[in-house]
2 protein chains.
Amino acid sequence: MEPVIPNAPVTLKDVAVASGVSLSTASRALDDRGKPSQSATADRVRKVAEELGYRRNAFASNLRRGQTRTLGVLVPRLSDTVMALMFEEIERAASSRGYFAMVATSGDDPNDERKAAETLLDRSVDGLILATSRIEDELPKYLRESSVAHALVLRTDGTSPSSLGDDEVGGYLAVRHLVDLGHTDIAVITGPSFTSTGIARLAGAKRALAEAGLHVPKRRMISVGYGIQSGFSTGRELLSEKHGSKPTAIFAANDNLAMGVMAAAKEQGLIIGENLSLVGYNDIPQSALLPTPLTSVRIPLEQIASRAIDFVLAPTSEHEIRKFMPTLIPRESSGKPQ
Amino acid sequence: MEPVIPNAPVTLKDVAVASGVSLSTASRALDDRGKPSQSATADRVRKVAEELGYRRNAFASNLRRGQTRTLGVLVPRLSDTVMALMFEEIERAASSRGYFAMVATSGDDPNDERKAAETLLDRSVDGLILATSRIEDELPKYLRESSVAHALVLRTDGTSPSSLGDDEVGGYLAVRHLVDLGHTDIAVITGPSFTSTGIARLAGAKRALAEAGLHVPKRRMISVGYGIQSGFSTGRELLSEKHGSKPTAIFAANDNLAMGVMAAAKEQGLIIGENLSLVGYNDIPQSALLPTPLTSVRIPLEQIASRAIDFVLAPTSEHEIRKFMPTLIPRESSGKPQ
DNA sequence: CTGTTAGCGCGTTCAT
DNA sequence: ATGAACGCGCTAACAG
């Protein structure tokens, strides 16, 4: 096994000389796009390149070709498991199409988002995938105006090409599940109102409630940031005695929020799945292995990633917003009301 | 606010023409390394560049300069919160030094690791940071032979420049804490024996046990893969009645493992912090907000990241392995034996 | 299919 | 301090 990088990088010229052909012939023989040339010379060149340990200089190549086979991915943060999983899927989908995925984080701050996008664009990515978009987000707008190939995942701004789960249906499934179990006193903790996920999951939840003829007061529908801490404090608020009656079930629009609620429930002496039913969203792997396994709504990350990349690589009709069906995964955290 | 990327990218030449200077003058005026030229012309060029929305073409620049101000980071997986946090810190530290961090995942598979490293190297990163290394790993060895600037984080192969927490001390602190609480029947779930973390945390645990004069049979020291599932199955094994007595305390060498143990404990009807004390490792943010907050060993990720980048950017004496002190964060998951 | 030539956009000689 | 010229490594256009 030879070293990954020889001390003196071998260039295309070296390969050409060693094979006794011109630079362009060598270049063509080594061109990996399209069908590889079958000629004997080409084979020889490839063999020589292999022996010499030739590796194409991506910069020179990109500079000349004007494209990089690289995609930029923007996420709020990687320490959010859903975002990490989303990126991993995008990375995989990109790789299978011969592309490389680069990530940058923005922390849900519009300024940092813009900076991160510029950083990525400065590296001449062929397109951008954003998991950060807000309702009426400026960034997708500028990307459209600048004709930068891009797609939104998980969240949509309502205009740019988007690939995401059907959050309205997901919200509906979650609450419908609780209704079917017999709950009538249900609370909803939804995501930030600047995210399409927050809005749509809440809308779905409301539809399920209305369908069941249940009235839920406003103080039972709370919009907060995604994150365990929010789940904990909101859960505590909902489950404390202050408001008189407590809900018997909570739909948290994110597994992290649900985990926070679990901690709050414990604090109040409630037992998840018995005194309090709980449904989360995203079905991150951890949710199945919690002390009380969490009922959650699973979204098809792989399909979402795949479609998003297609949007970027083969821009079709604009304004296409593709929604994938989510699935409810029932587990022990949700049961009949006592 | 202008579009991020103008439809017709403006080049250095455009700036030069618009400023009425030559290409090289423009190039020098816009050189951001070293001290910026103070001449009036330079100022004018910069102003024009700003107005035109000039952005340096990274490929052309890199090609010419022979360096990219980009670092490659290799992690087993991003969906492991510790790894995501580690990358975020590296990203931050790199950014503060004017560098960009690119990540690739290898899934703890030596072949994929090698491939991922090549992908990164093909993009001419100036250096590599690996969070993936195994004892006697081949990759760091090849990197050394090929004189590729690199550093290992979190794990070390014992040779390449490394920046990590002192895992032996961490393991000691964890078990010492349990001993101090009065536990005498302690089990240890440690990481894979191909990782320095697995080995060192176990060694530290043993030191604490020996110091306390406690004998722990081999079946109470189990080496498994990091991951909730492993924690769950190992926890179940340790806590089932099969072995006669059950341990009153468990040190899990990773917070994920600890969460798995929590699930197993629940299954066996044990109450964490009362019937069973538990200490984790890494202190991921979630650990503080679990239904029973987890006692854990915190490692200084920021310092680790910072030092690793220095290793890569300013290679000093080889074979330097820098270990940072971990801190025990006591929470409710550990208490006196009943 | 092959070789020759030109040039992607930029940074750096080397003169002035 | 400035401008002219060269070349980083590679690919595309052109001719043969």
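This is a predicted model, so every value here is computed, not measured. Labels below follow one simple rule: chain letters A, B, ... track the order of the sequence lines, proteins then strands, and each chain is numbered from 1. Quick note: numbers below take in every heavy atom, side chains included, and nothing from hydrogens, waters or symmetry partners.
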Any N or O donor-acceptor pair under 3.5 Å from the base of [N] to the side chain of [X]?
X       : N      : value
A:Ser61 : D:dG9  : no
B:Arg28 : D:dG3  : yes
A:Ser24 : C:dT5  : no
A:Ser27 : D:dA12 : no

So which one's nearest nucleotide on DNA chain D is more toward 5', B:Ala42 or A:Thr11? B:Ala42
Let me know, please, whether B:Ala26 or B:Ala60 comes out on the 5' side of the other along DNA chain D by nearest nucleotide. B:Ala26
Choosing from C:dC8, D:dC10, C:dG3, which nucleotide comes nearest the side chain of A:Ser22? C:dG3
Within the structure shown, what part of the strands sits under 4.0 Å from B:Leu12 by heavy-atom distance: base, sugar-phosphate, or nothing? sugar-phosphate
Between [atom2] of [N] and [atom1] of [X], the distance in whole Å:
X       : N      : atom1 : atom2 : answer
B:Arg65 : D:dG9  : CZ    : C1'   : 17 Å
B:Leu63 : D:dC10 : CG    : C1'   : 8 Å
B:Leu23 : C:dG9  : CG    : P     : 11 Å
A:Gln67 : D:dT11 : CD    : P     : 12 Å
B:Asn62 : C:dC8  : CG    : C1'   : 14 Å
A:Arg64 : D:dT11 : CZ    : C1'   : 5 Å
A:Asp14 : D:dG9  : CG    : P     : 9 Å
B:Phe59 : D:dT11 : CZ    : P     : 13 Å

Under a plain distance cut-off of 3.5 Å, with no hydrogens placed, do [Y] and [X] share a side-chain donor-acceptor pair?
X        : Y        : answer
A:Arg144 : A:Ser160 : yes
A:Thr41  : A:Arg46  : no
B:Asn62  : B:Thr68  : no
B:Thr105 : A:Glu88  : no
B:Thr11  : B:Tyr54  : no

Minimum heavy-atom distance between B:Val103 and B:Val75, given as atom pair plus value: CG2-CG2, 4.0 Å
At less than 4.0 Å, is any side-chain N or O atom of [X] found next to OP1 or OP2 of [N]? Yes or no.
X       : N      : value
A:Arg56 : D:dT11 : yes
B:Arg33 : C:dT12 : yes
A:Tyr54 : D:dG9  : no
B:Thr25 : D:dG3  : yes

DNA chain C nearest-nucleotide lookup for B:Leu30 and A:Gly20: closer to the 5′ end is A:Gly20
